[in-house]
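Before anything else, here's the structure in question.
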Amino acid sequence: MNTQVDNNSFDLVWNYLENRHGYDFSEYSRSTIDRRIGQFMTREKLSSPTELMHKLMADKMFHVKMTEALTVNFTEMFRDASFFLSLTRKVLPFLSTYPSIKIWHAGCSTGEEVYSLAILLDEFELLHKTKIYATDMNETCLKAAERGIYSFEQIKNYTKNYRVSGGRKDFSMYYEAQDNGVKLNAYLKKNITFFQHNLATDHSFNEFHLILCRNVLIYFNRNLQTRVVDLFKNSLNNLGYLAIGNKENLLFNGQRNNFAFIDREEKIYRKVQFIDKKL
Ligand SMILES: C[S@@+](CC[C@H](N)C(=O)[O-])C[C@H]1O[C@@H](n2cnc3c(N)ncnc32)[C@H](O)[C@@H]1O
């Protein structure tokens, strides 16, 4: 079966997905999308873009399956522990001065990162006054995030990460063991709202003190990265914080004048007021 990706032959499929369902993959990194669509078609036993198009038109829910297969959803709790350590040392003390805190967690996948943040906020006695908006384009991931159930194997790793991240308590106090894994305590998600939001097509929906969007921009091309960082800039309060993945960069997209480094290694920035000296 030949599932080799030919960009031109896929144009119809991309146009259909965008016009019919509002998904725009045109500005994703080509190599990631090509590889994943090839894998998806092999799995679904589809041998050509025409067959894929027929399937999309015949099965009303197939577009969800397809678009979800195109994104990388890997995540874990306290991923890059040094990032969370830096967040607690360099950002939470400033956030604590606000009477209430609003955080946007964009590209939250299955929720592990959001719960990590909720735990640290709780340990800094900030969770009760924080509202976290956790978004992703992938509905299946969001449903898993809302359930907050993770395997025993995962929790073993997360416990290690938690300690390195500066966690102050016994990690097991945050979950209850069940037959099929562990369920995080309900109070952690009391102030989290999970909902679908597509960074490529949707707009800002509030103003935030902190935006986290880690390991998402890396899948976008420069143009889309610039648009999304612009969306973040416009969604941040004055002096709001932005955290991106440690392999991602703002230098590429003309935004460096709008942000100052808080932690260069961990890619934590703060929005600055750019003063045009000519005025
Ligand atoms: C690799 S995961 C990163 C998860 C988490 N932020 C972390 O660093 O562990 C990337 C996530 O970005 C989401 N994503 C990809 N494109 C998106 C878009 N256009 N809008 C919103 N979310 C998107 C995917 O569904 C996936 O859950």
Side-chain angles (χ1 to χ4, degrees), residues 14 17-18 21-37 39-40 63-84 86-87 103-120 132-148 150 154 157-158 161-162 164-165 192-205 208 210-232 235 241-249 266-268:
W14 299 133
L17 280 176
E18 188 175 352
H21 298 291
Y23 295 110
D24 182 1
F25 285 95
S26 60
E27 294 180 294
Y28 276 55
S29 143
R30 216 46 274 160
S31 55
T32 309
I33 287 298
D34 288 356
R35 195 176 51 252
R36 293 184 76 86
I37 199 166
Q39 292 163 345
F40 175 74
H63 68 279
V64 176
K65 197 170 183 186
M66 173 175 162
T67 51
E68 292 189 351
L70 297 187
T71 57
V72 178
N73 304 314
F74 176 81
T75 185
E76 50 183 29
M77 282 186 90
F78 301 101
R79 181 180 190 179
D80 309 318
S82 53
F83 164 77
F84 284 95
S86 178
L87 199 70
I103 297 176
W104 179 12
H105 206 127
C108 67
S109 189
T110 39
E112 286 88 331
E113 222 190 8
V114 194
Y115 290 119
S116 311
L117 182 67
I119 287 173
L120 294 179
I132 304 177
Y133 301 83
T135 63
D136 201 283
M137 65 174 274
N138 185 324
E139 263 186 279
T140 308
C141 282
L142 287 169
K143 282 186 190 134
E146 276 192 85
R147 282 194 297 276
Y150 304 107
Q154 283 173 303
N157 284 334
Y158 300 166
N161 291 355
Y162 167 74
V164 190
S165 298
I192 306 175
T193 307
F194 291 99
F195 62 97
Q196 197 179 29
H197 180 279
N198 188 332
L199 291 166
T201 48
D202 295 336
H203 298 286
S204 176
F205 52 91
F208 305 94
L210 166 66
I211 297 177
L212 286 100
C213 183
R214 300 174 65 227
N215 308 302
V216 180
L217 296 177
I218 204 165
Y219 300 108
F220 299 166
N221 72 11
R222 293 275 167 88
N223 194 23
L224 182 54
Q225 285 183 7
T226 306
R227 272 198 352 250
V228 172
V229 175
D230 213 43
L231 171 72
F232 292 156
S235 308
Y241 294 91
L242 172 65
I244 58 176
N246 58 16
K247 292 179 203 68
E248 294 161 331
N249 211 327
E266 302 301 339
K267 301 289 171 57
I268 303 177

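Predicted model only: the values in this text are computed from it and were never measured. Ligands are counted one by one from 1 in listed order, and the atoms in each one are counted from 1 as well.
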* Would you check if the side chain of Glu18 reaches a backbone N or O of Asp24 as a donor-acceptor pair within less than 3.5 Å? => no
* Structure fact -> When distances are taken from atom 27 (O) of ligand 1, the protein heavy atom at minimum range is Asp136 OD2, 2.7 Å
* Where Leu224 and Glu27 come nearest, the two heavy atoms and their spacing -> CB-CB, 3.6 Å
* Gly107, any N or O under 3.5 Å of ligand 1 N or O -> yes
* In terms of atom number and element, which parts of ligand 1 are under 4.0 angstrom from non-hydrogen atoms of Asn138? -> 25 (O)
* Asked: When you look for heavy atoms under 4.0 Å from ligand 1, do you find them on the side chain of Thr75, its backbone, both, or neither?
  -> both
* Got a donor-acceptor contact below 3.5 angstrom from the Tyr219 side chain to the Ile33 backbone? -> no
* **Protein contact to atom 2 (S) of ligand 1 [nearest heavy atom, distance to 0.1 Å]** => Val72 O, 3.3 Å
* Which option, Tyr219, Tyr28, Phe74, Phe83, owns the non-hydrogen atom nearest atom 17 (C) of ligand 1? -> Tyr28
* Asked: Could you go step by step and tell me if Asn73 and Thr75 meet the side-chain hydrogen bond (donor to acceptor under 3.5 Å, both in side chains) rule?
  -> CA-CA 6 Å; Asn73 304 314; Thr75 185; over 6 Å; no
* To do: Report, in ascending order of atom number, the atoms of ligand 1 lying under 4.0 Å from any heavy atom of Ala200.
  => 19 (N)
* Considering all heavy atoms of both residues, which atom of Phe25 and which atom of Met137 are nearest to each other, and what is their separation? -> CZ-CE, 3.8 Å
* If you measure from each heavy atom of Glu68 to ligand 1, is any distance below 4.0 Å? -> no
* Indicate yes or no: does an N/O atom of Leu199 lie under 3.5 Å from an N/O atom of ligand 1? => yes
* Asked: For ligand 1, does Arg79 get within less than 4.0 Å through its side chain, its backbone, both, or neither, judged by non-hydrogen atoms?
  -> side chain
* To do: Please identify which atoms of ligand 1 are closer than 4.0 Å to at least one heavy atom of Asn215.
  => 1 (C), 2 (S), 3 (C), 7 (C), 8 (O), 10 (C)
* For ligand 1, find out whether one of its N or O atoms is nearer than 3.5 Å to an N or O atom of Asn73. => yes
* Residue, atom name and distance, where the atom is the protein heavy atom closest to atom 23 (C) of ligand 1 -> Met137 CG, 3.6 Å
* Determine, step by step, whether Phe195 and Phe205 satisfy the ring-ring contact (aromatic ring centres under 6.0 Å, His included) criterion, reporting the C-alpha distance in whole Å, the side-chain angles of both residues, the deciding distance to 0.1 Å, and the verdict. => CA-CA 12 Å; Phe195 62 97; Phe205 52 91; 5.1 Å; yes
* Asked: Looking only at heavy atoms, what is the nearest atom pair of Glu112 and Gln154, with distance?
  -> OE2-NE2, 3.7 Å
* Can you list the ligand 1 atoms lying under 4.0 Å from a non-hydrogen atom of Arg214? -> 3 (C), 5 (C), 6 (N), 7 (C), 8 (O)
* Taking only heavy atoms of Asn198, which atoms of ligand 1 are found under 4.0 Å from at least one of them? -> 18 (C), 19 (N), 20 (N)
* Asked: With no hydrogens and no angle check, is any side-chain donor or acceptor of Asp136 less than 3.5 Å from a backbone partner on Ser109?
  -> yes
* Closest non-hydrogen atom pair, Asn161 against Arg79 -> ND2-N, 4.4 Å
* Considering only heavy atoms of Ser109, which atoms of ligand 1 have at least one such atom less than 4.0 Å away? -> 4 (C), 27 (O)
* Do any N or O atoms from the side chain of Asn198 and from the backbone of Ala200 form a donor-acceptor pair under 3.5 angstrom? -> yes
* Heavy atoms only: which of His197, Met77, Glu76 is nearest to atom 21 (C) of ligand 1? -> His197
* To do: Please identify which atoms of ligand 1 are closer than 4.0 Å to at least one heavy atom of Glu113.
  => 5 (C), 6 (N), 7 (C), 8 (O)
* Exercise: identify the closest heavy-atom pair between Leu17 and His63 -> CD2-CB, 3.9 Å
* Residue part near ligand 1, for Val216, under 4.0 Å between non-hydrogen atoms -> side chain
* Taking C-beta and beyond as the side chain, do Met66 and Ile37 meet within less than 4.5 Å on heavy atoms? -> yes
